[in-house]
Amino acid sequence: MPNELNKVYSPNEIEDKWYKIWEEKGYFNAQHNAEKPGYSIAIPPPNVTGILHMGHMLNNSIQDTIIRYKRMSGFDTLWIPGMDHAGIATQNKVERMLADEGTSKEEIGYDEFLRRTWEWKEKHGGLITKQLRKLGVSLDWTRERFTMDEGLSEAVKEVFIKLYNDGLIYRGEYIVNWCPHDKTALADDEVNHEDKNGKIWEIRYPIKDSDEEFVIATTRPETMLGDTGVAVNPNDERYKHLIGKTVILPLMNREIPIVADEYVDMEFGTGVVKMTPSHDPNDFEVAKRTGLAFLNIFTEDAHVNENGGKYQGLKRFDARKAILADLKEQGLLVGVKDHKNAVGHCYRCNSVIEPRVSTQWFVKMEPLAKRALEVVKNGKIQITPKRWEKVYYNWLENIRDWTISRQIWWGHRIPAYYSEDGTVFVAKSLEEAKIQAREKFGKDVNLTEETDVLDTWFSSALWPFSTLGWPNETEDLKKFFPTNALVTGADILFFWVARMVMMSLYIKDEIPFNYVYLHGIIRDEKGRKMSKSLGNSPDPLDLIAKYGADAIRFSFLYNTSQGQDIHFSEKLLEMGSAFANKVWNASRFVLSNLEDFDVSTTVDKSELKLEDKWILSKLQTASKLINENMEKYELDAAAKLTYEFFRGDFCDWYVEIAKTRVYGQEGSDKVVAQWVLRHVLDKGLKMLHPFMPFITEEIWQKLQTGEETIMLSDFPKEEKEFINIEAEKEFDYLKEVISAIRNIRGETNVSPSKKIEVIFKTADENARNILQNNAKILDKLANIEKYEFNLEIPKLVGFRLVETTEIYVPLADLIDLDKEIEKLEKSIAKIQKDLDKTLKKLSNESFVKKANPEAVKKERRIKEELENKIAKLTESMSLYR
């Protein structure tokens, strides 16, 4: 039969099938429908080297749910896919590949290296985009972009040149964070600081022509090879007479001056600081103020260079050992202390950063940061959770210039050219630079192209508008910029989010998006970040194969509050899997009972029963609240509402009741039930679709609505004609009565399959009418053989109160009194044994005084819990005596 579902739900069978159909038919693509407003999201571009991990699963599930909801809500949607060229990461991959071949980038040369990198990108890169399809993401693949494709490269040059011409990009020699492994500069926010247990060494520095000496403390004794001075505070009375004199640099026997600068803290240590201007950012600033020399002592890969004397050629940490040994031998090492300090590491390869003076390109950030602050403070851009706004403000208010040059080969080459005398010409091409040079010098001159490339984050900062075709005024740019929402992790708030805001305001004079949704991190059950090294990060594709994408998506969304981390375990996914099976089985029941139903049937409201009015009204309440929460991007609340309606109201209550009306029945009552079942299933699947796209499409197609796909249907809105508050109250009362009777069964171990009698006592005429008019429902859902009102109550009963209705279940004929008493006595005895052990501990004065206070508190909690259990069991037993 065409509308029949398979008996067993098999996600793998339906997920691959539907994704191919969706993509082939172009359902994901922006249509430029003039009658629909635009709504767009730009994907945080994954690295071209990347593979799908748990964070991607969460991030893209959130984005896809939003875009599917907006598509169904009447918007012409565009979710822009793309990848980042990941300069350092990709170059490392290719260099490792070349090393395996017995060669290197230097051996094959620049042009061949780029050719091989593009070849690697086409062959191995972009695996993640294929993997993302497994998740069901409705990205417009026809508009996929890459940060080094022709259009985006043009945008990068355009922005660089504008910044340079506006005086916001400059080139200079400054101290930067240097990664010795990748041999490139890094921006401040590309350095991860980790607290490490280290040492402070105290070293004697003799003062020339004097019996005096300084004792100077350092955490990096190897850098003393590059000392060009020592500094004291000009207000320090102890050392005023020494300012202008010199000290003899230990081991190097080089004279270096004593300078005065207020940077020095008189209260810290001895109040004297060694100055290594080429390898410490604070010393660099002091040197600029005091005229100290700059002396670089390290090569690009952090070996000691020719300025390091006999230590030349040693790795920096080997040099440290040798220097300390020599200082000790010469009696210059005064002491050593344990010390914890924050050590900078490269965010890509985790190498220890080496501050290093070098010539780099920088962006002046302060002028750009002012407007980026303003648009968040005035509410044009909303960041959630709101607590991250303060972090955003703090970073922008204390911003430093951005080092944008990288000493690698893979990336956007900086569009600058140099004449032999060092004059810089910034231009899109060599030809344009030559024209500039001709105008300046009045003749043709030889120009050399800059070899540095731009920081990968520079091109990513242009992502919201460069992906839409800027610098050209495309139709996509006109309709879909600014984009609407950005969904990303808080860890790239500075790397990416803030820079996109700055660049968008600078280039387009518009914000890049209205709303920033910062989600948390997926951690393991112990709260640790997931990583391959810890072995706590499962393969997402294995999870999809086991549970299905829908189950994983729903589990994540249901359990993800904005900004909160998720503590992951597979038990989390079992909830989503169980829900998917529930949806499947309930839908299978509905569809199997629609075989004789005419889809063109209409139903008169007067034909609706209480349960029909209730479920139709609950549908409106759910629709309204789900829409409200989706508009606020509170996806977890929307997922919970969908779950509670579909699984609770529809599957657990209405479907169960409807069975009494459709099984083997004829006539209008059956038709009404069929109409309601079909109507609610249709709307319920649509509400669920953004969260669980595959299963909803598969089921919805069987409803034969005449529409092409559920993803282009209308998301349910509140229909006021079906709102019936009175029906909701009446049926909710009936639900409470049924739940109360079920609870009595559970507490007294009466099987759900055993028929029971019930006595109701109520003076409320309306309540009595509800109970009398719904005998079939009471029988179906509570298995009541018969019930009476206001009879004399027997001695042995189970009791509950619902509103003003007293509910009594006579138990004498339902249970074996002796057996139940025996069971209860055994339970009480077992709990009493545990209680005795706890009481013995707490009566031990030594334990109470000496034990950890938390341990004592725990024992007292256990005592209270056990006493409560015994009291409840004793109370239950009193019913049977």
Side-chain angles (χ1 to χ4, degrees), residues 1 3-9 578-599 601 603 607-619 622 643-685 688 695 699-700 702-704 722 727-728 730-742 745-746 750-756 758 770-787:
M1 285 174 284
N3 64 341
E4 188 176 14
L5 290 176
N6 291 336
K7 189 173 183 180
V8 178
Y9 166 55
F579 180 45
N581 275 292
K582 186 86 171 179
V583 170
W584 185 267
N585 291 331
S587 300
R588 187 167 175 270
F589 161 76
V590 175
L591 292 167
S592 67
N593 283 282
L594 293 177
E595 293 166 19
D596 59 346
F597 180 73
D598 181 353
V599 296
T601 300
V603 170
E607 298 178 276
L608 298 174
K609 286 190 167 182
L610 173 63
E611 64 266 27
D612 302 326
K613 295 173 187 175
W614 169 78
I615 193 66
L616 291 169
S617 189
K618 292 291 277 188
L619 173 63
Y643 178 86
E644 286 159 11
F645 173 76
F646 205 108
R647 188 187 190 285
D649 295 338
F650 185 55
C651 297
D652 289 347
W653 291 96
Y654 187 80
V655 168
E656 290 304 310
I657 295 166
K659 288 176 182 177
T660 66
R661 297 166 63 184
V662 297
Y663 280 158
Q665 302 294 319
E666 297 293 338
S668 63
D669 187 44
K670 177 182 179 180
V671 172
V672 170
Q674 288 175 312
W675 183 89
V676 174
L677 283 167
R678 186 177 184 277
H679 177 82
V680 177
L681 180 60
D682 172 39
K683 300 292 186 183
L685 291 170
L688 190 54
I695 191 172
I699 297 167
W700 188 81
K702 310 290 186 184
L703 283 173
Q704 300 172 10
F722 286 117
E728 286 194 46
E730 289 184 6
F731 192 82
D732 285 343
Y733 162 77
L734 192 62
K735 274 177 62 184
E736 282 191 62
V737 169
I738 292 165
S739 297
I741 295 167
R742 287 173 173 175
R745 281 181 180 274
V750 175
S751 169
S753 62
K754 190 176 279 191
K755 289 285 184 184
I756 61 171
V758 178
I770 293 168
L771 296 170
Q772 286 179 325
N773 295 337
N774 291 283
K776 280 179 76 175
I777 293 176
L778 288 168
D779 182 24
K780 171 66 181 170
L781 300 182
N783 206 6
I784 299 173
E785 188 170 33
K786 71 173 183 176
Y787 59 88

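Predicted model only: the values in this text are computed from it and were never measured.
Looking at E611 and R661, a side-chain N of the basic residue comes within less than 4.0 Å of a carboxylate O on the acidic one, giving a salt bridge. Residues K735 and D652 are not paired through a salt bridge, judged by the lack of any N-O separation under 4.0 Å between the basic side chain and the carboxylate.
Considering R678, E4, K702 in turn, K702 is the only one that fulfils the side chain to side chain contact (heavy atoms under 4.5 Å, CB included) rule with L591. With respect to Q674, the side-chain hydrogen bond (donor to acceptor under 3.5 Å, both in side chains) criterion is satisfied by exactly one of D598, D596, D669: D596.
Residues L703 and D682 come closest through the heavy atom pair CD1-CA, 3.7 Å. Here the closest non-hydrogen pair linking L685 and V583 is CD2-CG1, 4.4 Å. Shortest non-hydrogen contact noted between C651 and K582 is CB-CE, 3.7 Å.
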Under the criterion side chain to side chain donor-acceptor pair (under 3.5 Å), I'd like the reasoning laid out for W584 against N6: C-alpha separation, chi angles, the key distance, then a yes or no.
CA-CA 9 Å; W584 185 267; N6 291 336; over 6 Å; no

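Under the 3.5 Å distance criterion, the side-chain polar atoms of R588 are left unmatched by any main-chain donor or acceptor of Y9. In terms of modelled atom types and a separation under 3.5 Å, the side chain of R745 and the main chain of S751 share a donor-acceptor contact. A donor-acceptor pair is defined here as one N or O able to donate and one able to accept, closer than 3.5 Å; no such pair exists between the side chain of R742 and the backbone of P752. Although no hydrogens or angles enter the test, the distance criterion places no donor-acceptor pair under 3.5 Å between the side chain of D779 and the main chain of K776.
Residues F645 and K618 form a side-chain contact, since some pair of their non-hydrogen atoms from C-beta on lies under 4.5 Å apart.
Taking the centre of each ring, Y663 and F589 come in below the 6.0 Å mark.
Ring geometry for F646 versus F650: interplanar angle over 60°, hence perpendicular rather than tilted (30 to 60°). Ring-plane geometry between H679 and F722 is classed as tilted, the angle between the planes lying from 30 to 60 degrees on a 0 to 90 degree scale.
Considering only residues two or more places apart in sequence or on other chains, E607 meets the side chain to side chain donor-acceptor pair (under 3.5 Å) condition with none of them.
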